[in-house]
Chemist: 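I have a structure here, written as structure tokens, and I will follow up with some questions on it.
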There are 2 protein chains.
Amino acid sequence: METDWVAGRRAQMMEETRARLIQAARQAFATKGFAASSMDDLTAAAGLTRGALYHNFGDKKGLLQAVVDRIDAEMAARLAVVGERAESPWQGLLDEYRAYIEMAVEPEIQRIVLLDGPAVLGDPSTWPSQNACLAETTRRIRALVAEGAIPPVDPEAAARLLNGASLHAALWVAASDAPEATLAKALDAFRRLAEGLAIG
Amino acid sequence: METDWVAGRRAQMMEETRARLIQAARQAFATKGFAASSMDDLTAAAGLTRGALYHNFGDKKGLLQAVVDRIDAEMAARLAVVGERAESPWQGLLDEYRAYIEMAVEPEIQRIVLLDGPAVLGDPSTWPSQNACLAETTRRIRALVAEGAIPPVDPEAAARLLNGASLHAALWVAASDAPEATLAKALDAFRRLAEGLAIG
DNA sequence: CAAATTACATACGCGGCGTATGTCGATGGA
DNA sequence: TCCATCGACATACGCCGCGTATGTAATTTG
């Protein structure tokens with residue numbers, strides 16, 4: 001009979017394999033993009049072959065999905081920490097979005113989650129991960145409405161629009177040749193938009 | 001010697017060829033996406049071969065660029081008409097963005113310009129077409145600031161953020177199973193954000 | 001009239017994806 | 001203890017699609 005100990009060890013091996021593939025994929029997708037990344041190269045870099053990949057993730061898109069889910073979860077965690085530190089819920093929201101924009105400038109996040117992800121996997125809301133990052137900001141806006149800090153608004157709608165605005169701000173900053181100045185302009189404009197929620 | 005008449009006729013033939021390829025590409029890219037569209041199928045549908053394609057557009061990305069430029073120009077023209085019809089400049093801006101969101105729901109525009117375009121060609125601001133659509137909204141915001149209708153803000157920053165918000169609103173609406181209701185919620189939230197520009 | 005150029009079509013090679021098949025260790029019943 | 005099974009990968013194969021090199025017919029130029 002298979003002991004729990006042995007079974008657990010086997011499962012741990014598989015998780016190790018998956019983790020290594022995901023890590024290699026992050027590296028490849030971030031630097032070369034999804035389309036230009038070869039599965040052979042990618043798996044070889046992880047010390048495996050395409051067999052392991054198709055066994056664990058089904059196909060190339062499945063691997064991208066796994067990578068996206070992982071990064072998205074990391075982003076949501078980072079956002080929650082930032083939002084919690086703020087002195088007021090409203091300031092927490094602004095801080096979260098500032099952090100979001102700054103994260104979205106990171107090449108890995110921008111390339112994988114914001115460009116290739118939607119293009120290959122479709123609208124983020126249809127992702128299995130349900131876009132934890134979006135859920136986090138939606139939750140925060142919902143709380144603001146519930147406690148009367150801002151006038152009623154559909155939380156998901158507001159979160160989606162603000163996320164979209166942040167994402168484009170990040171693309172703009174990343175492509176700019178004066179990132180600092182561009183970021184400042186983007187953040188200023190963003191604040192103006194967000195305050196429309198607080199006032200209107 | 002080549003007469004002007006003959007030269008003009010030759011140029012017209014090439015434009016005809018380019019137009020047919022672009023049209024076939026629009027159809028293919030819109031329905032199957034850029035990556036899944038075969039150049040052989042695409043050119044055959046236009047009654048040509050890949051030879052014509054590489055001669056006129058360089059490579060597959062070049063064709064996408066041409067398609068994107070064309071659609072972008074059409075969008076900008078449609079937006080300008082909508083904005084001009086409004087009774088006030090501010091209302092013109094709101095009308096333009098309403099039109100933008102509704103356009104962005106159209107599968108062809110969403111798939112080609114908003115998803116595959118940025119993923120394959122990079123940030124829209126780096127496109128040769130200079131994103132006529134974005135330029136149009138930037139121009140309008142600049143005018144609003146100039147005439148004192150809204151407090152000073154960097155026009156490009158504001159336009160980019162609003163475009164991003166609109167785009168994500170459109171993705172949301174398109175993926176929704178109750179598009180009408182979703183569109184209403186999106187438009188309401190968008191109006192709140194935009195008013196942040198007017199007030200803040 | 002020969003040489004060069006244009007605007008395509010045809011032919012070829014290479015890489016990459018997905019799948020079918022093989023392998024090896026672990027498991028589990030007789 | 002032995003063999004049949006199964007899971008987790010590796011290997012092998014075929015097909016498709018892109019880019020490029022080459023061919024070709026019409027036209028222009030010297």
Side-chain angles (χ1 to χ4, degrees), chain A residues 1-25 27-29 31-67 112 116 119-121, chain B residues 1-25 27-29 31-67 112 116 119-121:
Chain A
M1 183 178 63
E2 180 183 46
T3 65
D4 289 356
W5 184 86
V6 171
R9 177 141 180 95
R10 241 205 352 221
Q12 182 185 336
M13 296 287 284
M14 277 209 64
E15 274 314 307
E16 164 74 13
T17 296
R18 291 173 59 93
R20 283 169 60 189
L21 286 174
I22 289 177
Q23 181 54 33
Q27 177 70 22
F29 293 166
T31 56
K32 299 191 293 186
F34 175 76
S37 293
S38 159
M39 316 274 281
D40 281 319
D41 298 351
L42 199 158
T43 52
L48 296 162
T49 70
R50 287 211 326 259
L53 204 158
Y54 282 95
H55 185 70
N56 282 283
F57 299 101
D59 60 354
K60 194 181 182 184
K61 286 171 64 174
L63 178 60
L64 175 61
Q65 183 73 66
V67 171
I112 299 178
D116 284 337
V120 176
L121 305 173
Chain B
M1 183 181 63
E2 182 184 46
T3 66
D4 289 357
W5 184 86
V6 171
R9 178 145 180 92
R10 238 208 352 224
Q12 182 186 335
M13 296 288 284
M14 277 210 64
E15 275 313 306
E16 164 75 12
T17 296
R18 291 173 59 93
R20 283 169 62 190
L21 287 174
I22 289 177
Q23 181 55 34
Q27 177 69 22
F29 292 167
T31 56
K32 299 190 291 185
F34 175 76
S37 293
S38 158
M39 315 274 281
D40 281 319
D41 298 351
L42 200 158
T43 51
L48 297 163
T49 69
R50 286 210 324 256
L53 203 158
Y54 283 94
H55 183 72
N56 281 283
F57 299 101
D59 61 353
K60 194 181 182 184
K61 286 170 65 174
L63 179 58
L64 175 61
Q65 184 72 65
V67 171
I112 299 179
D116 284 336
V120 175
L121 305 172

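Residue numbers begin at 1 in each chain, while the letters A, B, ... track the order of the sequences.
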Chemist: Which residues within residues 36-45 of chain A lie with some heavy atom under 4.0 Å of an atom in DNA chain C?
Modeler: A:S37, A:S38, A:M39
Chemist: Quick one: A:L48 CG to C:dC24 P, roughly how many Å, whole number?
Modeler: 18 Å
Chemist: Rounded to whole angstrom units, what separation is found between the CG atom of B:D59 and the C1' atom of D:dG17?
Modeler: 14 Å
Chemist: Considering only C:dG18, D:dC18, D:dA10, which nucleotide approaches the side chain of A:K60 most closely?
Modeler: C:dG18
Chemist: Take atom NZ of B:K61 and atom C1' of D:dG19, then tell me their distance rounded to the nearest Å.
Modeler: 14 Å
Chemist: Which pair of non-hydrogen atoms, one from B:S37 and one from B:G33, has the smallest distance, and what is that distance?
Modeler: OG-O, 2.6 Å
Chemist: I need the full list of salt bridge (Lys or Arg N to Asp or Glu O under 4.0 Å) pairs touching residues 58-67 of chain B, with sequence neighbours left out, sorted by first then second residue.
Modeler: none
Chemist: Starting from P on C:dG18, measure out to CG on A:L64 and report it in whole angstrom.
Modeler: 12 Å
Chemist: For a quick test of reading the model: is some side-chain N or O of A:N56 closer than 4.0 Å to OP1 or OP2 of D:dC9?
Modeler: yes
Chemist: Got a list of side-chain donor-acceptor pairs under 3.5 Å for residues 47-54 of chain A, not counting sequence neighbours?
Modeler:
residue : atom : partner : partner atom : Å
A:T49   : OG1  : A:G51   : N            : 3.2
A:R50   : NH1  : A:D40   : OD1          : 3.0
A:R50   : NH1  : A:D40   : OD2          : 3.1

Chemist: What's the separation between atom CG in B:N56 and atom CD1 in B:I22, rounded to the nearest 0.5 Å?
Modeler: 9.0 Å
Chemist: What is the distance, to the nearest angstrom, from the CG atom on A:L53 to the P atom on D:dT11?
Modeler: 15 Å
Chemist: Without decimals, in angstroms, what is the distance between B:H55 NE2 and C:dA7 P?
Modeler: 5 Å
Chemist: Using a cutoff of under 3.5 Å, can you pull out all pairs of nitrogen or oxygen atoms linking the protein to nucleotides 20-26 of chain D, with atom names and distances?
Modeler:
none

Chemist: What distance separates A:T43 OG1 from A:R20 CZ, expressed to the nearest 0.5 Å?
Modeler: 11.0 Å
Chemist: Atom CE of B:M14 to atom P of C:dT5: distance rounded to whole Å?
Modeler: 17 Å
Chemist: Apply salt bridge (Lys or Arg N to Asp or Glu O under 4.0 Å) to B:R18 and list each qualifying residue two or more places apart in sequence or on a separate chain.
Modeler: B:E15
Chemist: Distance check needed: C:dG15 P versus A:K32 NZ, whole Å only.
Modeler: 13 Å
Chemist: Is the distance from OP1 or OP2 of D:dC9 to the nearest side-chain N or O of A:T17 less than 4.0 Å?
Modeler: yes
Chemist: Taking side chain to side chain contact (heavy atoms under 4.5 Å, CB included) as the definition, give me every residue that meets it alongside B:A25, ordered by chain and number, with sequence neighbours left out.
Modeler: B:F29, B:L42, B:L63, B:V67
